[in-house]
Amino acid sequence: MMKPERPVGITGYGVYIPRFRIAAREIARIWDGTSGTPVDSKSVPGPDEDTITMSIEAARNALARAHITPDRLSAVWVGSESHPYSVKPSGTLVAEALGATPWVSTADWEFACKAGSEALTAAMGMVGSGMAEYVLAIGADTAQGRPGDALEYTAAAGAAALIVGPAMDAVAVIEGTTSYVTDTPDFFRRADTAYPVHGHRFTGEPAYFGTVRSAAEKLLRDLGAKPSDFTYAVFHQPNTRFPQTVARQLGFTPQQIAPGLLSPKIGNAYSAAALLGLCAILDVAQPGDTIFVTTYGSGAGSDAYALRVTDALPERRERAPLTAAYLARETFVDYAVYVKWRGKLVME
Amino acid sequence: MDLAKHWRLRHARYRLEGQRNRFTGEVRFPPAPPLPGEREDIWEPYILKGRGRVYSFSVVRQPPEGFEDQPPYLVALVRLDEGPMVTAQLTDCDLDQVAIDMPVEMVTRRLRDLGPTGLIVYGYKFRPIVS
């Protein structure tokens with residue numbers, strides 16, 4: 001288990017989910033109406049949204065909750081697999097929009113669906129070593145799926161922003177983390193292609209299930225804890241079934257994962273997925289509650305975290321819109337609008 | 001590509017940064033250089049809160065160059081809580097949803113995409129308040 005010398009925690013958190021949704025049955029209407037769908041609906045970014053715009057809004061919400069001025073952020077880190085530019089950091093623009101520039105470290109992180117939690121773990125190190133007082137770690141994505149591919153039902157959009165700071169100022173103290181990584185070809189996209197490729201042989205086992213279990217079991221072992229010691233748990237959610245299954249394999253109950261299971265309604269928000277679930281849990285958790293988080297990124301790796309909620313949470317969560325407010329404003333679009341907005345029409 | 005123009009406007013566009021008069025507290029947007037003979041330190045940078053109300057609006061169906069893929073879209077005059085009036089697109093707002101006096105909040109969105117070898121221009125728009 002990794003743990004900084006100085007205790008750290010989450011001092012502010014914020015989410016963003018676009019207002020638009022497409023129903024899985026609408027995608028099935030076009031491609032395959034015969035089999036079941038992996039989610040009910042997924043979030044769709046509007047035509048003026050991308051990883052940068054979603055990161056900015058989630059981060060503004062996190063700053064409002066942390067109640068610090070943006071110049072106190074020592075680093076602004078954006079984890080995503082859908083950075084709008086290949087060369088030109090998302091982090092600089094996000095930091096500028098927040099007012100955190102120029103005395104700030106920024107970087108873009110990449111690790112499929114766990115790019116955001118990579119930034120979170122690094123933030124623990126920066127703050128835990130005393131190099132930084134506050135670090136902003138963001139997971140955000142506007143994921144793409146090839147038309148007709150199974151992934152098209154789930155590849156969604158969203159952003160979650162976490163400000164890591166001293167434990168004494170935290171809404172939830174991070175008690176420890178593990179990272180488990182192997183080179184596994186379960187899912188990849190070459191640099192100049194639009195859509196990713198599945199290594200079907202690997203997707204569930206050993207990739208998602210094996211990797212999530214490894215990180216989670218080691219953290220439980222190192223903490224001397226068992227699943228029933230936690231009030232809530234959240235796992236990376238590429239669909240509805242995977243997080244439910246891995247929770248059961250590990251010994252967590254459906255009740256523990258319910259508040260953080262957002263994929264049935266918004267699909268797989270990639271780098272934001274598990275972190276959005278964590279934020280949704282922070283929206284309802286009470287002081288003393290404990291939260292178990294495990295992210296997953298193809299390629300493949302998982303980061304697991306154990307958190308304990310402090311007395312500061314109930315007052316601070318009211319300072320920005322709750323996850324439920326973003327989930328509630330759902331406007332459904334049809335496949336034609338979705339295809340236009342996602343750039344799948346050949347115009348010239 | 002007007003790189004310098006977009007760069008120069010970034011603070012105003014990304015975070016609605018205007019100016020506040022150190023002596024009277026008056027807030028103005030967009031920021032402006034001091035008038036000839038005016039003391040340089042009268043106006044200090046000030047980030048507006050981004051809340052306001054729709055003063056008036058119009059639906060754009062015949063877009064200017066560079067906005068061809070966007071119509072129909074809403075452009076509004078927004079009276080900000082601090083006093084200044086700004087012109088901006090409304091986003092996340094249906095055409096039949098907008099009304100004069102509707103409360104709105106600022107969000108940072110993509111304004112324009114200058115093509116595969118160009119800049120993506122970001123800036124403020126306004127939308128109905130998410131609470």
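Chain identifiers are assigned alphabetically (A, B, ...) following the order of the sequence lines, protein sequences preceding nucleic acid strands; residue numbering begins at 1 within each chain. The figures here come from the full heavy-atom set of this structure, side chains too, leaving out hydrogens, waters and symmetry mates. It should be emphasised that the depicted structure is a prediction, and the values quoted were computed from it without experimental measurement.
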With chain A, which of B:Arg10, B:Arg109, B:Arg15, B:Arg112 has the greatest number of heavy-atom pairs at distances under 4.5 Å?
B:Arg109
Contact origin within A:Thr331 toward chain B - heavy atom pairs under 4.5 Å:
neither
Partner chain A: residue of B:Thr91, B:Asp113, B:Asp69 with the largest heavy-atom pair count (under 4.5 Å):
B:Thr91
Which of residues 70-82 of chain A have a heavy atom under 4.5 Å from any heavy atom of chain B?
none
Does atom NZ of B:Lys49 have more than 12 heavy-atom neighbours, drawn from other residues, nucleotides or ligands, at distances under 6.0 Å?
no
Quick one: does A:Tyr16's side chain get under 4.5 Å of A:Ile56's, heavy atoms only?
no
What part of A:Leu322 is in contact with chain B, defined as an atom under 4.5 angstrom from a non-hydrogen atom: side chain, backbone, both or neither?
neither
Side chains of B:Val86 and B:Phe29: does their closest heavy-atom pair fall under 4.5 Å?
yes
Minimum heavy-atom distance between B:Leu74 and B:Asp94, given as atom pair plus value:
CD1-O, 3.9 Å
Quick check on the interface: out of A:Glu96, A:Met54, A:Glu57, who has the most heavy-atom pairs with chain B under 4.5 Å?
A:Glu96
Classify the angle between the aromatic ring planes of A:Tyr335 and A:Tyr338 as parallel (below 30°), tilted (30 to 60°) or perpendicular (above 60°).
tilted
Establish, yes or no, whether the cationic atom of A:Arg19 lies under 6.0 Å from the six-membered ring centre of A:Tyr326 and within 45° of the ring axis.
no
Please determine whether a side-chain nitrogen of the Lys or Arg among A:Asp50 and B:Arg110 lies less than 4.0 Å from a carboxylate oxygen of the Asp or Glu.
yes
Can you confirm if the NZ or CZ of B:Arg20 lies within 45° of the ring axis of B:Trp43 and under 6.0 Å from the centre of its six-membered ring?
no
